[in-house]
Amino acid sequence: MELLLPRPGLGQIKPYRPAQPLGEERPWIDLSLTVNPLGPSPKALAAYRNAAGQIHRYPDSRQESLRRAIARRYDLDATRIVCADGSDAMIQLFCQAYAGPGDEVLCHEHGYQGFLKAIRVSGATPVVAKERDMVADVDAMIDRAGERTKICFLANPNNPTGTYIPLEAVQRLRAGLPPHVLLVLDAAYAEFVRRNNYDCGVELVENTDNTAMVRTFSKMYGLAGLRVGWAYGPPAVVDALNHVRGAFNVSVPAQAAAIAAVTDVGHEEATYAHNSHWLPWLTHELEQLGVRVYPSVCNFILARIPADPSLGVQQVMDHLARCNILVRPTQDYGLPDCLRITVGSEEENRALVRALAEILA
Ligand SMILES: Cc1ncc(COP(=O)(O)O)c(C=O)c1O
């Protein structure tokens, strides 16, 4: 019998590895995933519960109310918005719509892993531009773009580095890329960044026909478990994404909760205030322990464990696990001596610092 083989290249995709050891059900302090420590907005929770009576129906395939709610919140044109079951799925839709075997898709060295997976699933070839000091390097990205490049992904700010490039650099990237390259700006953490020189790129999307933006409800809005992401793009790009996506790709409760979440400015402010307090606190406390922390504008930090032959990242993770704390190793991002640690609740942050002090001090 002939062997059934999946498409070539799929073997290069690294399967997702959860931080939690298999079968170990403990009350973990899970700082391994970049979620909102305050949870979802109570309004989103109520909308989710209210939607329970409607789950025998198919969701609104036009995503009308959700697109309008997003457009109102961010002052956007609702006809240029399209939603998906998470921004990872949206990144895959971009690759499906614009890239395939023989094409190249550009991303950056320590850039978000979802790009590589989506590129490989589409059959296209990833091209990875070097970064400079853990920050995307616009010149290196422009250098690596060529005739076969179809898409250029930029996570801004980026996961796991937590760093960003200013609007002026994003504009330079757009101007330097050939016009046939679709620039996709992944701004999953945009709601956490209030720096004068940062911008998620709305104007570029509106003023060019080859730039799009991807956003998510998983981070600031605390709806990671519901899977809602969205894209903002030129009409032709939105049309292409609508052709590729499943008609019912965002569930009834997910649409309902996302509409409530995006209108709950109070919860967003509380989350922002929490992060603004605990992100610098964590950074300071870890630096006191000799850990190098990269300057993050997100809801997590990237920590480089001090070089010590008797104490590596694995020993630190093992010790944290003994204290019931999970963090994310970053060797798959080419950062074998780092850990990504999400800002948790006050109690979780203090527990993390106590546990790290036991092993690093
Ligand atoms: C930069 C970036 N983009 C996209 C995603 C995917 O988020 P989701 O699929 O939950 O919307 C993540 C999640 O970690 C991320 O960090």
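Side chains included, hydrogens not; waters and symmetry mates left out as well; all remaining heavy atoms used. Along the sequence shown, the residues carry numbers beginning at 1. Counting starts at 1 for both ligands and their atoms, following the listed order.
Set against the non-hydrogen atoms of Gly86, the atoms of ligand 1 under 4.0 Å away are 9 (O), 11 (O). Listed by number with element, the atoms of ligand 1 under 4.0 angstrom from any heavy atom of Lys219 are 12 (C), 13 (C), 14 (O). Taking every heavy atom of Arg227 and a limit of under 4.0 angstrom, the matching atoms of ligand 1 come to 8 (P), 9 (O), 10 (O). Distances below 4.0 Å separate heavy atoms of Asn159 from the following atoms of ligand 1: 14 (O), 15 (C), 16 (O). Those atoms of ligand 1 with a heavy atom of Ser218 less than 4.0 angstrom away are 8 (P), 10 (O), 11 (O).
Contact annotation: for Ala188 versus ligand 1, heavy atoms closer than 4.0 Å belong to the side chain alone. When non-hydrogen atoms are compared, ligand 1 lies under 4.0 Å from neither the backbone nor the side chain of Met90. Residue Asp88 touches ligand 1 through backbone and side chain together, judged by heavy-atom distances below 4.0 Å. Residue Tyr189 touches ligand 1 through its side chain alone, judged by heavy-atom distances below 4.0 Å.
The shortest contact between atom 15 (C) of ligand 1 and any protein heavy atom is with Tyr112 CE1, 3.5 Å. Counting only heavy atoms of the protein, atom 1 (C) of ligand 1 lies nearest to Asp186 OD2, 3.4 Å.
With Tyr164 as the aromatic partner, Arg195 does not meet the cation-pi criteria of under 6.0 angstrom to the ring centre and within 45 degrees of the ring axis.
Remark: aromatic rings of Tyr189 and Phe300 are close, center separation under 6.0 Å.
When hydrophobic residues (I, L, V, M, F, W, Y) are linked wherever their side-chain heavy atoms come within less than 4.5 Å, the members clustered with Leu10 are Ile13, Val121.
Ring geometry for Trp230 against Tyr232 counts as perpendicular: the plane angle is over 60°, on a 0 to 90° scale with 30° as the lower cut. Ring geometry for Phe115 against His108 counts as tilted: the plane angle lies between 30° and 60°, on a 0 to 90° scale.
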Pair up each side-chain donor or acceptor in residues 350-359 with any protein partner under 3.5 Å, not counting sequence neighbours, and list the distances.
residue: Arg350; atom: NE; partner: Glu346; partner atom: OE2; Å: 3.0
residue: Arg350; atom: NH2; partner: Glu346; partner atom: OE2; Å: 3.2
residue: Glu358; atom: OE1; partner: His319; partner atom: NE2; Å: 3.0

From CA spacing to verdict: salt bridge (charged side-chain N to carboxylate O under 4.0 Å, His left out), Lys117, Asp88 | CA-CA 9 Å; Lys117 175 167 180 166; Asp88 261 346; over 6 Å; no
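Salt-bridge check for Arg62 with Glu64: failed, with every basic side-chain N at 4.0 Å or more from each acidic carboxylate O.
Nearest-residue assignment for atom 7 (O) of ligand 1 (options Ser87, Ala84, Cys298, Ala155; heavy-atom criterion): Ser87.
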